[in-house]
Structures are given as structure tokens and as C-alpha cells.
Amino acid sequence: MTKSQMKEQWAQFRKMLEATRRIVDQFPEDKLDFRPTPLVRSVAELVTHNYHFLSEAVNSVLAGRHVPTVEPRISNKAMLMKWVDLQVAAADEGIHRITDAQLVSRIRILGEDLAGWQLLDMVYQEHLHHRGQLTLYLRMQGIVPVSVYNHGAQNG
């Protein structure tokens, strides 16, 4: 994948990130700790995990090696939404600095050697997986998720 191709994919992914943000914003403050079973992540934990991996992956591609960071614990909705926005802004800035060479450079992460572009593709897949979980969590609370396909639509 070239930087030009990656930038096109990133533009599409930004729309997905915004759609996910709208889903996260639907959760009431008192439901951020909701988890369907004790062995899965809560709403707040899913959100921080999802957006944390976004920024960690971009920083790792820029560094040419895995740059592990610690996921924060955030239980306040306003702080969570602000943190999400900061992660996306940081990833935006990083994506525009990534070079063609960094996209093909190999990075050892999660027991695998991945090209930078493959790590960024993993972020895309991981994000969609966790957005699906968040959508289900909303439905379990009796909340109809906003549409992720029609920007501005309210029914999903």
C-alpha cells in the first residue's frame, strides 16, 4: 500500500470513526460501566481499548517498532468523549506524517511481524469489531443506535 492509497483509506476510516463517536455519545453517563457478563469489557473499557489501539498503531508505524502504551481508565462521559477526540486528532496528525517506507517497514507486534500498512489495516478491522459490540450494548439498553451508514440518520 502506498501513502496515497493509505490516505484514501484513512479518509473513509475517519467517517467510520465519527460514526462510532456518535454511537459512544448515545450511552448515558450511568451506563459506561455496563457489561453484559462479568468477563467482557465495559462500555468505557471498550471505547478506550478501541481508540487506544488506533493511536498506538499509528505511533508504532511512525516509530518503526511497537510502542506500547497503557490504556487509560475513564469513567466520566465528558472526559471519555474528549479523550476519543484527542486520539483521533493525534492519529490524524500521525497518518499525514507516515511515509511509503514506513508503510512497508516490518513491525513486531502481537506475536507477528506486520508491514506498517497491515498494522493500520488491523486497526480498521479491530475498530469495526468493537463498534459492533458497542452497538449490541446499546440495543441491550433499549437504545436504537444511530445509523453508521447514513451520516446524520438517527435509526440504525
Side-chain angles (χ1 to χ4, degrees), residues 1-27 29 32-33 35 39-138 145-152 156:
M1 174 180 289
T2 66
K3 181 170 181 164
S4 177
Q5 292 167 321
M6 189 249 339
K7 285 176 81 172
E8 287 180 32
Q9 184 179 25
W10 177 253
Q12 182 62 33
F13 188 47
R14 283 291 278 116
K15 292 176 186 176
M16 290 181 186
L17 290 168
E18 183 56 36
T20 303
R21 187 192 191 285
R22 290 194 314 269
I23 288 171
V24 172
D25 198 33
Q26 285 186 271
F27 282 97
E29 176 94 30
L32 294 181
D33 288 331
R35 64 183 79 227
L39 299 177
V40 299
R41 291 180 173 108
S42 70
V43 171
E45 291 167 342
L46 267 178
V47 173
T48 55
H49 172 72
N50 211 7
Y51 286 88
H52 169 264
F53 187 57
L54 166 68
S55 58
E56 185 174 288
V58 170
N59 288 334
S60 294
V61 172
L62 284 167
R65 62 178 176 75
H66 181 212
V67 181
T69 56
V70 177
E71 291 179 23
R73 291 196 172 281
I74 303 172
S75 58
N76 171 287
K77 185 173 177 182
M79 290 174 58
L80 181 65
M81 299 307 289
K82 182 177 180 176
W83 184 82
V84 162
D85 292 341
L86 289 171
Q87 299 313 297
V88 173
D92 251 341
E93 189 273 328
I95 285 291
H96 294 294
R97 290 190 298 128
I98 290 174
T99 65
D100 284 324
Q102 290 167 320
L103 287 171
V104 296
S105 177
R106 307 299 289 186
I107 300 166
R108 182 96 178 134
I109 185 170
L110 303 171
E112 295 186 56
D113 287 316
L114 301 173
W117 71 266
Q118 289 173 309
L119 179 54
L120 295 175
D121 188 60
M122 184 184 287
V123 170
Y124 182 88
Q125 294 172 38
E126 180 85 350
H127 188 85
L128 291 177
H129 164 71
H130 290 306
R131 183 170 79 185
Q133 288 177 288
L134 289 168
T135 300
L136 181 61
Y137 283 21
L138 269 180
V146 294
S147 174
V148 296
Y149 300 108
N150 181 4
H151 299 288

Between [atom1] of [X] and [atom2] of [Y], what distance do you get to the nearest 0.5 Å?
X: I109; Y: E56; atom1: CD1; atom2: CD; answer: 5.5 Å
X: H129; Y: Q133; atom1: NE2; atom2: CD; answer: 4.0 Å
X: R106; Y: E112; atom1: CZ; atom2: CD; answer: 9.5 Å

Working for side chain to side chain donor-acceptor pair (under 3.5 Å), residues E45 and H49: CA-CA 6 Å; E45 291 167 342; H49 172 72; over 6 Å; no
Under 4.5 Å between any side-chain heavy atoms of [X] and [Y], yes or no?
X: M81; Y: R21; value: yes
X: H130; Y: T20; value: no
X: Y124; Y: L120; value: no
X: D121; Y: Q9; value: yes
X: Q102; Y: K3; value: no
X: H52; Y: V70; value: no
X: M122; Y: L110; value: yes

Any sub-3.5 Å donor-acceptor pair from [X]'s side-chain atoms to [Y]'s backbone N or O?
X: N50; Y: L46; result: no
X: R22; Y: S147; result: yes
X: K77; Y: F27; result: yes
X: Y51; Y: L17; result: yes
X: E71; Y: T48; result: no
X: S60; Y: V67; result: yes
X: Q87; Y: L54; result: no
X: S105; Y: A101; result: no

Exercise. For I95 and V58, run side-chain contact (heavy atoms from CB on, under 4.5 Å): C-alpha distance rounded to whole Å, both residues' side-chain angles, the deciding distance at 0.1 Å, then the answer.
Key: CA-CA 7 Å; I95 285 291; V58 170; 4.0 Å; yes
More than 12 heavy atoms of other groups within 6.0 Å of W10 CH2: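 Yes - once you tally the heavy atoms of other residues, nucleotides and ligands closer than 6.0 Å, there are more than 12.
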Query - Carboxylate-amine/guanidinium contact E18 R14, below 4.0 Å - result: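 Salt bridge absent between E18 and R14.
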Parallel, tilted or perpendicular, judged at 30° and 60°: which one describes the rings of H127 and F13?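 Aromatic pair H127/F13 classed perpendicular.
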